[in-house]
Amino acid sequence: MTGMAALPPVPTPFRHAMHVTFRQLQVFLALSQCQSFSQTGQSLGLTQSAVSRAMVELEGQLNVRLLDRTTREVLLTDAGQLLAQRVAPLLQELGEALAEVADVGHAARGQVRVASSPTLSAALMPACIAACGQQLPQVQLQLVDRLQQEVLAQVRSGEVHFGLVVEPPELGDLEHITVLFDPFVAVLPAQHALVRDQADSATVALNWAQLQGQPLVLLDHASGSRRLMDAALLQHGCGPEHCPVVQEVGHVTTAFRMVEAGIGISIMPRLAIPPHGLPGLLVAQLQPQVQRAIMLVRRRQRSLPAAAQAVWNLSAALLQAPHRADDNGSSIAPDLHIDGGYDAKN
């Protein structure tokens with residue numbers, strides 16, 4: 001077979017059935033230093049008979065006498081001396097290698113890649129990145145800002161360790177936890193007939209049924225939320241025959257500008273609304289409330305590296321912190337600064 005490096009030859013003794021254990025060699029080295037079965041047992045936490053049995057098994061596997069036993073001491077044979085000289089540095093190196101591997105498996109250090117769609121990236125991930133920098137200083141959290149379909153594809157392919165997404169239609173191959181719920185709201189001109197009598201109210205609310213007959217400006221189907229918006233509109237009697245979708249756009253900023261121009265009303269997730277509001281527009285709570293679930297997702301039955309697991313745990317704890325409802329009904333973790341959604345694609 002070409003293109004493959006040849007494996008090193010197996011040493012002759014190991015071509016035969018030989019089952020020398022790490023423990024047997026440890027006992028042998030300790031015995032070579034203590035020269036006493038009882039002292040060796042005490043140093044290793046073994047009984048004297050267990051030490052003796054390990055040496056008998058080792059000699060049996062090597063088919064050579066390693067020890068000369070007398071009533072007062074234990075002496076190494078020539079073969080025993082050779083084994084002690086050769087094996088001692090090897091066991092030390094092996095022990096260090098195993099300790100290093102165990103450290104890698106448990107240490108939270110290195111680069112962690114997390115994918116998220118732009119609105120979630122802007123609204124939720126900055127707080128997670130900042131917390132990671134404070135609590136996991138040896139971890140470099142790299143955010144991959146992509147559309148939801150790309151986020152899910154990268155999670156499934158292993159290009160990223162995990163993702164933050166709007167509830168996807170299929171979760172069978174993904175392990176997931178829901179971290180928060182985000183309600184849909186209506187965005188419309190401040191002087192729109194539907195809200196004219198509420199323009200001075202602190203909280204503006206509409207029933208879904210009131211949207212019937214209104215032209216809509218919605219995010220296109222690349223958005224993780226569009227499927228949920230369509231289902232909510234249909235459920236509340238606002239399907240295409242009652243609420244025509246006159247424009248489908250890729251970014252929330254575009255939708256807001258079209259609403260300002262009077263082209264139609266928009267339905268948006270609350271997280272897409274900037275914290276300072278939308279000048280000239282009103283954000284109305286929709287009743288009954290319909291929410292989208294925000295989830296952390298990862299490949300099912302695949303262990304995360306220690307650093308990625310630490311970031312997963314930290315992100316979940318932060319996003320699932322006791323929530324407060326803001327003035328427009330969003331359920332948002334109290335320490336999260338909801339920012340940047342104005343420019344993002346959901």
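Keep in mind that what you see is a predicted model, and the values were worked out from it rather than measured.
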- Message: Give me the atom names and distance for the closest heavy-atom approach of Val139 to Ala307.
- Response: CG2-CB, 4.0 Å
- Task: With the side chain counted from C-beta on, respond yes when Ser225 and Leu219 share a heavy-atom pair under 4.5 Å apart, and no when they do not.
- Result: no
- Message: Evaluate Met268 against Phe256 for side-chain contact (heavy atoms from CB on, under 4.5 Å), listing each step before the verdict.
- Response: CA-CA 10 Å; Met268 285 287 168; Phe256 296 151; 3.9 Å; yes
- Item | Common cluster, Leu174/Val112, ILVMFWY with side-chain heavy-atom separation under 4.5 Å | no
- Item | Note, Val259 side chain near Pro189 side chain (heavy atom, < 4.5 Å) | yes
- Crowding at CD, Glu170 (>12 non-hydrogen neighbours, <6.0 Å): no
- Establish whether Phe22 and Leu31 are linked, either directly or via other cluster members, by ILVMFWY side-chain heavy-atom contacts under 4.5 Å. yes
- Task: Decide side-chain contact (heavy atoms from CB on, under 4.5 Å) for Leu66 and Met55; before the verdict, give the C-alpha distance in whole Å, the side-chain angles of both, and the deciding distance to 0.1 Å.
- Result: CA-CA 8 Å; Leu66 301 172; Met55 291 303 91; 5.7 Å; no
- Task: Determine whether Leu147 and Val297 fall in the same hydrophobic cluster, where Ile, Leu, Val, Met, Phe, Trp and Tyr are linked whenever their side-chain heavy atoms lie under 4.5 Å apart.
- Result: no
- Item | Gly280 backbone acceptor or donor facing Glu260 side chain under 3.5 Å | no
- Query: Do Thr119 and Pro269 touch side chain to side chain, with heavy atoms closer than 4.5 Å?
  - Reply: no
- Message: Under a 3.5 Å distance rule, please check whether Glu167 uses its side chain to pair with a backbone N or O of Ala293 as donor and acceptor.
- Response: yes
- Test item: Gln48 side-chain N/O and Phe37 main-chain N/O as donor-acceptor pair under 3.5 Å: no
- Taking all non-hydrogen atoms of both residues, which atom of Ala54 and which atom of Val27 are closest, and how far apart? CB-CG1, 4.2 Å
- Heavy-atom donor-acceptor pair, Ser52 side chain to Ser49 backbone, under 3.5 Å: no
- Message: Looking only at side-chain N and O atoms, does Gln287 offer a donor or acceptor that is under 3.5 Å from a partner on Gln285?
- Response: no
- Item | Least distance between heavy atoms, Gln39 atom then Cys34 atom | OE1-O, 4.0 Å
- Task: May I ask you to decide if Val114's main-chain N or O and His161's side chain share a donor-acceptor pair within less than 3.5 Å?
- Result: no
- Report the residue from Arg65, Arg69, Arg53 that forms a salt bridge (Lys or Arg N to Asp or Glu O under 4.0 Å) with Glu59. Arg69
- With no hydrogens and no angle check, is any side-chain donor or acceptor of Arg113 less than 3.5 Å from a backbone partner on Glu159? yes
- Ala131 and Leu318 have their tightest heavy-atom pair at CB-CD2, 4.3 Å
- Message: Less than 4.5 Å apart, side chain to side chain, heavy atoms only: is that true for Val20 and Leu58?
- Response: yes
- Give a yes or no on whether the backbone of Thr40 and the side-chain of Ser43 come within a donor-acceptor separation of less than 3.5 Å. yes
- Query: Looking at residues at least two apart in the chain, or sitting in another chain, which of them share a ring-ring contact (aromatic ring centres under 6.0 Å, His included) with His176?
  - Reply: none
- Query: Which pair of non-hydrogen atoms, one from Pro118 and one from Asp145, has the smallest distance, and what is that distance?
  - Reply: CA-OD1, 3.2 Å
- Item | Check: Ser315 side chain, Trp312 main-chain N or O, donor-acceptor pair, under 3.5 Å | no
- Check whether Leu164 and Met295 end up in the same hydrophobic cluster, where Ile, Leu, Val, Met, Phe, Trp and Tyr are linked by side-chain heavy atoms less than 4.5 Å apart. no
- Query: Looking only at side chains, do Gln309 and Arg298 share a donor and an acceptor under 3.5 Å apart?
  - Reply: yes
- For the atom pair CG (Asp230) and CG (Leu218), what is the distance rounded to the nearest 0.5 Å? 7.0 Å
- Please examine the side chains of Leu216 and Val246, heavy atoms only from C-beta on, and report whether any two atoms are closer than 4.5 Å. no
- Task: Kindly state each residue pair satisfying side-chain hydrogen bond (donor to acceptor under 3.5 Å, both in side chains) with at least one member in residues 208-219, sequence neighbours excluded.
- Result: His192-Gln214
- Message: Looking at every heavy atom in both Arg300 and Leu171, which two are closest together, and how far apart are they?
- Response: NH2-O, 3.5 Å
- Phe28 side chain reached by Leu67 side chain, heavy atoms, under 4.5 Å: yes
- In terms of hydrophobic clustering (I, L, V, M, F, W, Y; side-chain heavy atoms under 4.5 Å; direct or indirect links), are Phe181 and Val165 co-clustered? no
- Item | Side chain proximity check, Leu286 to Leu211, heavy atoms < 4.5 angstrom | yes
- Query: Hey, are the side chains of Ile294 and Leu124 touching, using non-hydrogen atoms and a 4.5 Å cut-off?
  - Reply: yes
